[in-house]
Amino acid sequence: MDDALAYGPLREYADARPDARFAFYLSVPPELFEPVTAGIATLALSSERSRIAFEKPFGSDLSSATALNSVVTRAFREDQIFRIDHYVGKEAVQNVLAFRFANSIFEPVWNHRYVDNIQITAFESLGVESRGEYYDRSGAIRDMVQNHLFQMLALVAMEPPHDLGSSSLHDEKAKVIRSLRFGKGLSSHVVFGQYSGYRNETGVAKDSRTETFAALRLEVHNWRFKGVPVYLRTGKALHSKRTRVVVEFKSVPPVLFNEAEAAEPNRIVFEASPNEGISVEFNVRDRSGKDAIRSVRSEFLQEESPEAYERILSDFLSGDHTLFTRWDMIEESWRLVDELVHCKEDCPILHPYEPGGIGPVAADHLIEADGRYWY
Ligand code: BG6
């Protein structure tokens, strides 16, 4: 791929079609992003008539991402560059924005005064399958948290954008990512896990310390959400495929209803997998007693929607950046994640876990230590 000759036929093809426009979609191993981009650039194929899309991961830490970005931006203008995060293209994820800003009943309570905590779960039942070599250099933090989970969190925690244009949306999402913080002492805010059998997967080092599971407690250090804990967790080889965002509200004062203290909190759940939809959980009277209540859920199930990639690739071809990630978001997310991937002291502990479960028990302790539990 860094062989200039490989680009000859492409050059000939382009020369023979002076009016053709080119869309380069790089779904190649990350180490090939730079040589392929540079190869395209040397053939002057980065001219006005082309654009380029990069699959994730865009870099493996802040410094490699910055180096890659400078190669890319030397060859292409920002409006020609599309950095893919396919979670942003999921219908259920896009619905967070509509739900928040098209309904006046939720927006007034969407802040630290009413929200108790935010949870994002992205569980997968599959292991690393045939991607052991890539995954072993990546791990759950780089593979899922730095990109997909942060993008989902940004939509939940952002301020209303000025309009639905890509710059307004990206501006607000970038602010959220910039405001993410770990508390002091990484080992008490982050739990790593590795499923047993992982080290026998093809392409994985026999003594691998790569995390196939991560649970994190973060804070969005901004006006709206200061003090509201955010819990993220993701992992492979777990009991099922499940992706959801839960916004959990503070409980009512335990005065009127006998069981209010034990009652379930109100929740809004955005689910991307296995179903796509939104549910609202609230309490109603229970016939067992005058002061008894129980939690019920009202659910909107989305009809079948296009695959995220259908939307992403068609937006790429039509030049719409809205569902892509801008460089500043990637930069800010690596800045935070660097603390983990280059951790030197007080680092997260790697806990073993059995495939088919919910990950290491330490992940439960992480949230239970705050008097809460995973939804
Ligand atoms: C990819 C990760 O970005 O997302 C994979 O590299 C992961 O490891 C996949 O399996 C999950 O995507 P989805 O859409 O199936 O939840």
Side-chain angles (χ1 to χ4, degrees), residues 25-33 53-61 64-65 68 82-96 119-155 192-195 197-198 201-204 208 210-215 232-246 269-277 302 304-313 315-316 323-325 329-330 333-334 337 341 353 355-356 359:
Y25 169 41
L26 273 58
S27 178
V28 294
E31 60 277 12
L32 293 181
F33 281 167
F54 296 88
E55 266 301 341
K56 57 156 276 276
F58 198 86
S60 55
D61 60 7
S64 61
L68 170 60
F82 294 75
R83 303 174 190 86
I84 295 178
D85 185 314
H86 77 279
Y87 268 53
V88 187
K90 287 180 188 271
E91 191 66 22
V93 174
Q94 291 180 60
N95 229 339
V96 173
Q119 301 182 20
I120 303 183
T121 295
F123 275 5
E124 295 185 83
S125 49
L126 295 178
V128 292
E129 308 301 299
S130 57
R131 299 162 73 227
E133 204 178 315
Y134 150 74
Y135 194 88
D136 206 35
R137 281 182 280 127
S138 170
I141 291 289
R142 291 179 166 109
D143 189 51
M144 293 291 290
V145 176
Q146 176 266 338
N147 34 71
H148 305 326
L149 270 59
F150 282 2
Q151 284 294 318
M152 288 195 280
L153 176 57
L155 284 167
F192 281 170
Q194 188 186 75
Y195 65 84
Y198 171 71
E201 303 270 20
T202 314
V204 169
S208 173
T210 300
E211 79 288 356
T212 61
F213 177 100
L232 309 180
R233 62 179 173 163
T234 183
K236 296 217 179 262
L238 299 167
H239 64 76
S240 57
K241 167 99 182 144
R242 189 166 283 289
T243 310
R244 64 182 165 211
V245 176
V246 181
V269 181
F270 300 92
E271 186 160 285
S273 182
N275 301 312
E276 287 194 307
Q302 202 152 296
E304 209 161 301
S305 50
E307 280 295 311
Y309 270 104
E310 285 177 62
R311 181 71 199 269
I312 295 271
L313 294 178
D315 284 5
F316 169 48
L323 301 181
F324 294 81
T325 46
M329 291 187 238
I330 296 183
S333 56
W334 279 127
V337 159
V341 298
Y353 64 95

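For ligands, and for the atoms within them, numbers begin at 1 and follow the listed sequence.
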| query | Relative to the heavy atoms of Lys90, which atoms of ligand 1 are at a distance of less than 4.0 Å? | reply | 13 (P), 14 (O), 16 (O)
| Proximal candidate to atom 1 (C) of ligand 1 [heavy atom criterion; set His148, Lys236, Arg242] | His148
| note | Rounded to the nearest 0.5 angstrom, the CH2-CG distance for Trp334 and Asn147 is 7.0 Å
| said: Can you tell me if Glu307 has over 12 outside heavy atoms packed within less than 6.0 Å of its CD? | reply: no
| field | ligand 1 to Tyr87 polar contact by distance, N or O atoms, under 3.5 Å | value | yes
| message | Which heavy atom of Thr212 sits nearest to which heavy atom of Tyr353, and what is that distance? | response | OG1-OH, 2.8 Å
| message | With ring pair (Phe, Tyr, Trp, His ring centres under 6.0 Å) as the criterion, how do Phe54 and Phe33 come out once you've worked through the C-alpha distance, each side chain's angles and the decisive distance to 0.1 Å? | response | CA-CA 8 Å; Phe54 296 88; Phe33 281 167; 5.3 Å; yes
| query | Once the angle between the rings of Tyr309 and His86 is folded into 0 to 90°, is it parallel (under 30°), tilted (30 to 60°) or perpendicular (over 60°)? | reply | parallel
| request: Starting from atom 12 (O) of ligand 1, locate the nearest protein heavy atom and write down its residue, its atom name and how far away it is, to 0.1 Å. | output: His86 NE2, 3.2 Å
| task | Measure the distance from atom 13 (P) of ligand 1 to every protein heavy atom, then report the residue, atom name and distance (to 0.1 Å) of the closest one. | result | Lys241 NZ, 3.3 Å
| Tell me: protein heavy atom nearest atom 10 (O) of ligand 1, and distance? | Glu124 OE1, 2.5 Å
| said: Among all protein heavy atoms in this structure, tell me which lies nearest to atom 6 (O) of ligand 1, with the distance rounded to 0.1 Å. | reply: Asp143 OD1, 2.6 Å
| Does ligand 1 have any atom sitting under 4.0 Å from a heavy atom of Tyr135? | no
| request: Start with the C-alpha gap between Phe58 and Thr325, add the side-chain angles, then the distance that decides, and say whether side-chain contact (heavy atoms from CB on, under 4.5 Å) holds. | output: CA-CA 10 Å; Phe58 198 86; Thr325 46; over 6 Å; no
